[in-house]
Amino acid sequence: MNEKETKGIFVTFEGIDGSGKSTQANSLLRRVQENGFNAVLFREPGGTRISEQIRQILLNTKHTEMVAITEVLLYSAARAQLTEEMVIPGLHENDIVICDRYYDSTTAYQGYGRGINMEFINALTSEAANRIEPDLTFLVDVSVDLAEKRSSTIGKRDRIELESIEFKKKVIEGFREIAENNPNRIVILDGSEDIEQLTDIAWNKIHTLLEKEGIEIAPEGNSESI
Ligand code: TMP
């Protein structure tokens, strides 16, 4: 997060569908709250009235005619709305804002996956995010085989989940390259490991960052569990 006048730290979770990142994001939210910090969790695309409607358009399996440029613009539109309505206000009001996906997903899926020009993606995602950046990002990394196995047990797949294995491999490789290019921001979690163990790792990283930023539990917080 660049706007240092805001109070909280901005944490994002990334990964392919079936990586377990949403489970991880929820588990971390619980851990953070149990430790007495104020935190909120949003999902992308979604989290606002308009963004949830854009989500319906994006993930509708009937929308097979959607071209890549429409896709990237809609994801960005959903993000712009979430950023202004929820993320920035959330960072003023809370110790931690967690997002289940943010702009790295656009770079991975629409950039590496669909092959849209990276300069365009970077400019667009930066505008849509109002130039804010996550302080910390957890990439929940799994093999395409494990991701497919997990997704197949979830039931109905959305439009992106119905994409080919080749597309998903490009997205996974994309996420790994993004992590390599941003070693200070992105922490890779091995998504094949136990949920609680990964939450421990994530919580340790966040705790260190909270201390560095001088963020302490509010007086009404539950300090006993620290
Ligand atoms: P979810 O299943 O994690 O809620 O995400 C919805 C789908 O949208 C998922 O298949 C990944 C995809 N997606 C993109 O392709 N680009 C993006 O920028 C975002 C945020 C998600």
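First listed ligand is number 1; within each ligand, the first listed atom is number 1.
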Checklist line | Side-chain (Arg101) to main-chain (Gly15) donor-acceptor, under 3.5 angstrom | finding: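 Here the side-chain-to-backbone pair exists.
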Margin query: Under the criterion salt bridge (charged side-chain N to carboxylate O under 4.0 Å, His left out), I'd like the reasoning laid out for Arg31 against Glu196: C-alpha separation, chi angles, the key distance, then a yes or no.
Written below: CA-CA 10 Å; Arg31 181 72 66 90; Glu196 278 303 305; 3.1 Å; yes
Check: Asp17 and Tyr109: side chain to side chain donor-acceptor pair (under 3.5 Å), yes or no, with the steps?
Finding: CA-CA 11 Å; Asp17 298 286; Tyr109 281 86; 3.1 Å; yes
Next item on the list: Mark up the atoms of ligand 1 that fall under 4.0 Å of a heavy atom belonging to Arg79, in ascending order.
Entry: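 Numbered from 1, ligand 1 contributes 18 (O), 20 (C).
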Looking at [X] and [Y], does any basic side-chain N land under 4.0 Å from a carboxylate oxygen?
X	Y	answer
Lys7	Glu213	no
Arg131	Glu127	yes
Arg159	Glu71	yes

Check: So is Leu59 in contact with ligand 1, going by heavy-atom distances below 4.0 Å?
Finding: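 True for this residue.
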Next item on the list: Take every heavy atom of Glu71, measure it against each atom of ligand 1, and state whether any distance is under 4.0 Å.
Entry: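 No; Glu71 lies far enough from ligand 1 that no heavy-atom distance drops under 4.0 Å.
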Looking at ligand 1, does any of its N/O atoms fall within less than 3.5 Å of an N/O of [X]?
X	result
Glu161	no
Lys21	yes
Thr106	yes

Check: Any idea which protein heavy atom is nearest atom 2 (O) of ligand 1, and the distance to it?
Finding: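 Looking at atom 2 (O) of ligand 1, the protein heavy atom closest to it is Asp17 OD1, 3.3 Å.
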Next item on the list: Starting from atom 8 (O) of ligand 1, find the nearest protein heavy-atom neighbour and note its residue, name and distance.
Entry: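 Ranking protein heavy atoms by distance from atom 8 (O) of ligand 1, first comes Tyr75 OH, 2.7 Å.
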Next item on the list: May I ask which of Arg159, Arg43, Glu14, Arg55 has a heavy atom nearer to atom 4 (O) of ligand 1 than the others do?
Entry: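 It is Arg55 that holds the nearest heavy atom.
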Notebook entry, point to check: atom 3 (O) of ligand 1: which of Arg114, Arg101, Gln110, Arg157 has the nearest heavy atom?
Noted result: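 Checking each option, the heavy atom nearest atom 3 (O) of ligand 1 is found in Arg101.
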Checklist line | Quiz item: cation-pi between Arg114 and Phe167, 6.0 Å / 45° | finding: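 Judged by the rule, Arg114 and Phe167 form a cation-pi pair.
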Notebook entry, point to check: Using heavy atoms and a threshold below 4.0 Å, how should the contact between Leu58 and ligand 1 be classified: side chain, backbone, both, or neither?
Noted result: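 Within the 4.0 Å criterion, Leu58 makes no contact with ligand 1.
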Notebook entry, point to check: Does the ring centre of Phe10 sit less than 6.0 Å away from the ring centre of Tyr102?
Noted result: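 Ring centroids of Tyr102 and Phe10 are less than 6.0 Å from each other.
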